[in-house]
Structures are given as structure tokens and as C-alpha cells.
Protein chains: 2
Amino acid sequence: MKWEDVDSQNCSMARGLAIFGDRWTLLIIRECFRRVRRFSDFQKSLGITKHRLSNRLTRLVDEGILTKVPYDDSAKRFEYRLTDKGLELYPILMSVALWGDKWLSDEDGAPVIYRHKSCGEITQPKFVCDCCGDDIHARDIDAIAGPGVTKKLASNIKA
Amino acid sequence: MKWEDVDSQNCSMARGLAIFGDRWTLLIIRECFRRVRRFSDFQKSLGITKHRLSNRLTRLVDEGILTKVPYDDSAKRFEYRLTDKGLELYPILMSVALWGDKWLSDEDGAPVIYRHKSCGEITQPKFVCDCCGDDIHARDIDAIAGPGVTKKLASNIKA
DNA sequence: TTGAAAAGTTCCATTTTAGAACCTATATTG
DNA sequence: CAATATAGGTTCTAAAATGGAACTTTTCAA
């Protein structure tokens, strides 16, 4: 199978990774969360080639993760900003960073620590069950067929 | 900059993505969480070529995310299993799936829903502050220099 | 003994990527 | 006013990654 066909799977992970599961894309989004918005600034901070950057930004705009907004009326210049869809990628980036902090840091320790703005404390964000509030780790969850599967089955049976 | 040099950044995200931020790798890890363990089973479930699969599995073993354990004494056959380092990738996969469920599902809805084994309820896992317990969303966190940065600065000043 | 399956490896054509050069429009400098 | 700089790209070429198919080994099953 070619990579461009992975999003045909009825799987949210595969669909997501088809958009941002390749080289550079999540790093570009990381820069967006750091308030980088302009073409040349992405280039400087990432060291990515213009070609690649142009290609990735276009795709992120097409997918509705970024919007391209003009910032100078006279010149044709644009900023790329996260949409709501893009902002909600935050847990993904945070998860990657937390894992890297734990497993890939050098002997000095994590390059970044996190402070929760509203409570002011240093925090290690964690996943919890929105029902009982307990921590969630690997193997604590059963994945069950959702409507995106069961409705299709039901209509196949009727047909 | 070449992709192979991105892990030189003092950034946990970049270091993590250098390992699994490319085509196929996170999908292979998804299969591991689904208890897929054998070469041919990865191939069947993913449709990836043997060449690519071999390359990715080798890298994941090298990085300590999978271990290769023989499962048949007589034949040279192996299973690939998640290590603790690999199991802790769970929040990343869950974040991607949750985002995809919300933003990429078709009109039928999410393909999968989640049940928390210990409390038995259907759950939408969420990120919270481990200090105050409040939900964490984009822009709720300040990233501050951690020891991996400050210690390096301190030793540079001394030197 | 013949055949199938598991777990790869090798080879080649096609795609993707990195790096450099080039282009267009506005802004700035001398 | 001409020359240069800057932003935001596009085009070109060579190198690297990928997809697909064919080929190895080793073992087990018929």
C-alpha cells in the first residue's frame, strides 16, 4: 500500500497520521504554538527548505489546520495561524514532548518544564478518565466499535 | 537541514519525532498496542512492504521501543513486543486518535469509542494538570527552561 | 518430496527530499 | 532614480527514501 492511501482505513489514527504523520509537519505545528507565523521565520527556526515548507504549509491550510491571513495590505505577505482544529493538536505535541522529556533527555534533564498558568504550579500534564478522574495508562482502555463502524454495519445488513 | 539532523535540537519533541515522526512508524506502534507481534501480521494488517517494515522494526528495536523475542526455539522466528518505553507512547497514540475522532470522522461518527476498564464507563480521556486537576488545553501552559537548558547555561558561564 | 509459511534480503523503478538557483513584488538605501 | 534587500515563493537537479516484485533460508505439514 502507498502512504497516500493510509487514510482510507476507518481509523482515526491513520487518518490523522496521513495529514501530519510525516517528516517536518508536526515540527511546523510546534513552531505555530511558539507563535511563529511567517514563512521566513519557519524557515529560519526549522532549517527546512523552502520547497518543503511551502508544500507542508499548503497542505496544512488545505486540511484546515492553519489559515493563511494577509498581514500587509500593500505586499502579498501572509501569516499562517492555527485554527481551532489546529489548536486542538496541542495534546499530541504535549504527549510527544513529555515522552521525549522522560526517555530522550540527556543527563542534565528535560530541556523544558511546564507551568500551568491558572494554578501557577509546575505540572506534568497527564491523561485521566473524564468519568472517574483516575489516571489512564497503556492497557487501561478497551476500544469498542463506535458509530462510525456500527452504523455502517447496520446499513449493510439492511441493504 | 536534513531530517536525520533534527534530533540535534535540544527539544524533546524533535528528538521524539526523529524516531517515530515519519511514515508508518506510529502505525506500526498502533498495531503493537493491538497485540500484533509478528512480522507477517504487521505486513498483513498494515499493507506495508517487507522492506519498509524490516527497516522500521529494526529502528524501533534499536531505540528500545520494541524488543525482539524468539517465540519458536527451533525456527528463527521472533515476536516484537513493546518495552516500557514503548508502552508509554500510549498517550501520543490516544491523542492522535481522539483528535481524529473529533475532526476527521465521517458523518456516521467516530470509528471507535473508549471504555475505561477500571470504572467501566465510556470515556473521553483528557489532559489535566497533575497539580490542580483542571483540564489543560492549548495556551494553558507556559514552557520554561528546564535543567536540560539551565544546567548547560550555568556550565557555560563557569567555563 | 513437495509445498507452504515465516522472516527476511535484494533489486529496480518511482517518489520524495535537500540544496541551490531563480523569480516577482515591494521597501530601503545611496 | 538605480541598486540592493526582503518576503514569499517556484524551478531544477542530485541524492535518499519508498513501493513492488522476486528471491533466500529454514522449518513444519501433507
Nearest to the side chain of B/T49 - C/dT16, C/dA18, D/dG20? D/dG20
Can you tell me if [X] touches the phosphate of [N], counting only side-chain N or O atoms and a distance under 4.0 Å to OP1 or OP2?
X     : N     : result
A/R77 : D/dG9 : no
B/Y80 : C/dA6 : no
B/S54 : C/dT9 : yes

Please determine whether a side-chain nitrogen of the Lys or Arg among [X] and [Y] lies less than 4.0 Å from a carboxylate oxygen of the Asp or Glu.
X      : Y      : result
A/D140 : B/K117 : no
A/D142 : B/R115 : yes
B/D84  : A/K102 : no
B/E79  : B/R81  : yes

Rounded off to whole Å, could you give me the [atom1]-to-[atom2] distance for the [X] and [N] pair?
X     : N      : atom1 : atom2 : answer
B/D22 : D/dG19 : CG    : P     : 11 Å
A/W3  : D/dG20 : CH2   : C1'   : 18 Å
B/R52 : C/dT15 : CZ    : P     : 16 Å
A/D5  : C/dT14 : CG    : C1'   : 15 Å
A/L46 : C/dA18 : CG    : C1'   : 15 Å
B/K68 : C/dA6  : NZ    : C1'   : 12 Å
B/L57 : C/dA6  : CG    : P     : 15 Å
B/N55 : D/dA17 : CG    : C1'   : 9 Å

Please confirm whether A/F127 and B/F127 have ring centers closer than 6.0 angstrom.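 So the answer is yes for these two rings.
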Parallel, tilted or perpendicular, as decided by the 30° and 60° cut-offs, for the rings of A/Y90 and A/F33: tilted
Sort out for me which residue in B/R30, B/R52, B/R56, B/E63 forms a side chain to side chain donor-acceptor pair (under 3.5 Å) with B/T25. B/R56
Between B/E79 and A/K2, name the one whose nearest nucleotide on DNA chain C is closer to the 5' end.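 Residue closer to the 5' terminus by nearest nucleotide: B/E79.
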Has the side chain of B/K50 got a donor or acceptor that lies under 3.5 Å from a partner of the other kind on the base of C/dG8? yes
Hey, does the side-chain of B/H51 have a donor or acceptor N/O within less than 3.5 Å of a partner on the base of C/dC12? no
Near-strand residues of residues 24-45 of chain B, defined as heavy-atom separation under 4.0 angstrom from DNA chain D: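 By residue number: B/W24.
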